[in-house]
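Take a look at the structure below.
Just so you know, these numbers use all the heavy atoms, side chains as well, and skip hydrogens, waters and symmetry mates.
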Amino acid sequence: MTRSHSGRWLAVVALVPALLAVGFDATILNLALPELATGLHASSLQLQWFISGYTLVFAAAMIPGGMMGDRFGRKKVQLIALTLFGLSSLACAYASNSGEFIGMRAITGLGAAAVLPMVLGVIPALFEEAERPKAVAVVMTATTLGFPIGPILGGYLLTHFWWGSVFLINLPVVAIAMLGVFLLTPETRSSKPKRFDPLGIATSSLGLAALVYGVIEAGTYGWSDVLALTPIALGVLVLGAFVWWESRVPEPLVDLALFASRGFTWGTLLSTSVNFVMFGMLFVLPQYFQAVLGTDAMGSGFRLLPLVGGLLVGAGIADRLAKAMGAKATIGVGFAILAGGLLLGATTKADSTNGLVMLWTTICGVGLGFAMPAAMSAAIDPLSEENSGVGSGVIQAVRMVGGSFGSALLGSLLYSGYRSRLTLGGLPPQAAAAIRESQVAGLDLAARLHLPGLAAEIEAAFTHGMDQVLAVCGGLAALGAVLGVLFIPNRVSKPAGSGPEDARVDVTDVTDSGAGPARA
């Protein structure tokens, strides 16, 4: 497709509001849960489904959503997805009961699941190899910025307005995104659409939904609970059946030969590990700010600004580094910086200064700005205009599962470390149990009983749990630096299926597994 240089970048800029809306919608709901519980008379189980209903549909619909864009047109599907996202957000704001709210959140998840693959899917269609890393950096920076912006924006809205405002804020953002997509984004689709693969759609969606549901349950009830292990096992079995079917059907939903590309496979895995680490940070930091530093929700959001600033700086430098030294070096440097920031963060104590926290969160932001766009660019590079929607859906689905595992596993580690440092000698059993269950409840109890020593013990115990989480994340980032240097191809590959002369992945980007080059 021929398109002017300025036109291509205007098309990318038009997609940024959609990415921001999806990003902060994923985190903004957590702040509103107390008000939702009161306003909708929701039980604890219903509150869990306020989040889970969105997450499950989001995970299950990404691959089919990418397929729909490849088949019917990515611009068309993007506009439909944004419409669903906006209208369901409006319905959420005025839901009269928990059932309505859960149903509308599920539709919001459906819209979001099609938005993300469509955004990434247009990049192989619009940009040549040399410009793709910069385009991916813009897209991934916008996506990542949405996560910390959510608490900032949500805290402000909940301080000044009613809970429905956190959903109404999506409407102007979606309207701007739709206008930009309609006016500035060209229509792209596969020139040779594949036949529908209903069994592939069903098994991929069911497997991902079951796996994510099991992880959510594990985060709530523990990793030994049958309610968690059963859906996880079911999800693994169904996804195994999906892979078996896709390897045999003549026109598969997902071309498994893509995984023969080192860039696609290792780029996807490394971007997933970044998601794992980032979700872990965004899980522990707001709690640390509120429980230990005593900030409110909006103050906690503003304390994430050093992370945002570092991310913007890192993303701006990373593109120039990638051009000068290649993807391998950029990813290695990014993960190394991220590991350094996390390991410095693991030295945080309850009485640490604000300067230390600002320093290590800024360093982590720079590392994220380097690592995430470079890893995503490596994953997207082997995709062609023919398969970019489904391929992007696979990448985003794997990242979604990785983020879910990150929240659940690191949440378990946080509270295991927290409880291991509590002594609670002399307290009534009921009070001790409440403190072990929640640091917030413990600090409230210590304040009511005027026990500063107990409050200091709780703060120190929580900080110890947070340090364990950051140390594990730092180790994972260090491993990512090594794996990136070893396995990410330094030379970008040609998109699979882009033409007779370059219809195959470059031989330097294929593993020795014998799987052969990726086919379109």
Side-chain angles (χ1 to χ4, degrees), residues 14-42 46-62 64-65 68-69 75-119 142-143 145-147 149-183 185 297-298 301 400:
L15 299 171
V16 168
L19 294 168
L20 289 173
V22 172
F24 64 65
D25 191 74
T27 54
I28 204 169
L29 179 63
N30 292 317
L31 293 175
L33 286 178
E35 286 82 358
L36 285 167
T38 302
L40 297 178
H41 309 289
Q46 288 170 327
L47 287 176
Q48 180 181 344
W49 275 103
F50 287 176
I51 297 174
S52 300
Y54 174 88
T55 304
L56 293 180
V57 176
F58 196 5
M62 280 195 188
M68 298 294 285
K75 177 176 180 177
K76 185 183 300 179
V77 172
Q78 180 81 297
L79 290 171
I80 294 172
L82 287 168
T83 301
L84 282 177
F85 189 88
L87 292 178
S88 58
S89 296
L90 176 63
C92 282
Y94 292 101
S96 59
N97 57 66
S98 296
E100 285 182 17
F101 186 85
I102 292 170
M104 291 302 102
R105 282 297 288 173
I107 296 175
T108 307
L110 182 64
V115 168
L116 290 185
M118 292 306 96
V119 172
T143 304
L145 284 176
F147 294 112
I149 286 174
I152 298 172
L153 184 60
Y156 175 82
L157 292 172
L158 291 170
T159 301
H160 296 90
F161 306 100
W162 108 109
W163 60 262
S165 61
V166 301
F167 302 102
L168 290 181
I169 193 62
N170 287 337
L171 299 182
V173 180
V174 166
I176 293 170
M178 291 183 69
L179 183 62
V181 169
F182 181 76
L183 295 177
T185 303
M298 187 165 62
M400 180 74 178

Minimum heavy-atom distance [X]-[Y], with the two atoms named:
X: Val115; Y: Ala81; answer: CG2-CB, 3.9 Å
X: Met118; Y: Gly69; answer: SD-CA, 3.6 Å
X: Pro17; Y: Ile176; answer: CG-CG2, 3.9 Å
X: Leu110; Y: Ala61; answer: CD1-CB, 3.7 Å
X: Pro117; Y: Met62; answer: CG-O, 3.7 Å
X: Ala114; Y: Val77; answer: CB-CG1, 4.2 Å

Quick check: do [X] and [Y] have side-chain heavy atoms less than 4.5 Å from each other?
X: Cys92; Y: Thr108; answer: yes
X: Leu90; Y: Leu168; answer: yes
X: Val181; Y: Met178; answer: no

Original post:
Excluding sequence neighbours, so at least two apart, what forms side-chain contact (heavy atoms from CB on, under 4.5 Å) with Leu87?
Top reply: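 If we apply the side-chain contact (heavy atoms from CB on, under 4.5 Å) test to Leu87, skipping adjacent residues, the hits are Thr83.
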Original post:
Please walk me through it: do Arg105 and Ile102 pass side-chain contact (heavy atoms from CB on, under 4.5 Å)?
Top reply: CA-CA 5 Å; Arg105 282 297 288 173; Ile102 292 170; 5.7 Å; no
Original post:
Got a sec, which residues hit ring pair (Phe, Tyr, Trp, His ring centres under 6.0 Å) with Phe167, two or more places apart in sequence or on another chain?
Top reply: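 Ring pair (Phe, Tyr, Trp, His ring centres under 6.0 Å) list for Phe167, sorted by chain: Phe101.
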Subject >> Distance, nearest 0.5 Å, that separates CG of Leu157 from CH2 of Trp163 >> reply: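 It comes to 13.5 Å.
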Subject >> From Ser89 atom OG to Asn170 atom CG, the distance as rounded to the nearest 0.5 Å >> reply: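 So the gap between those two atoms works out to 4.0 Å.
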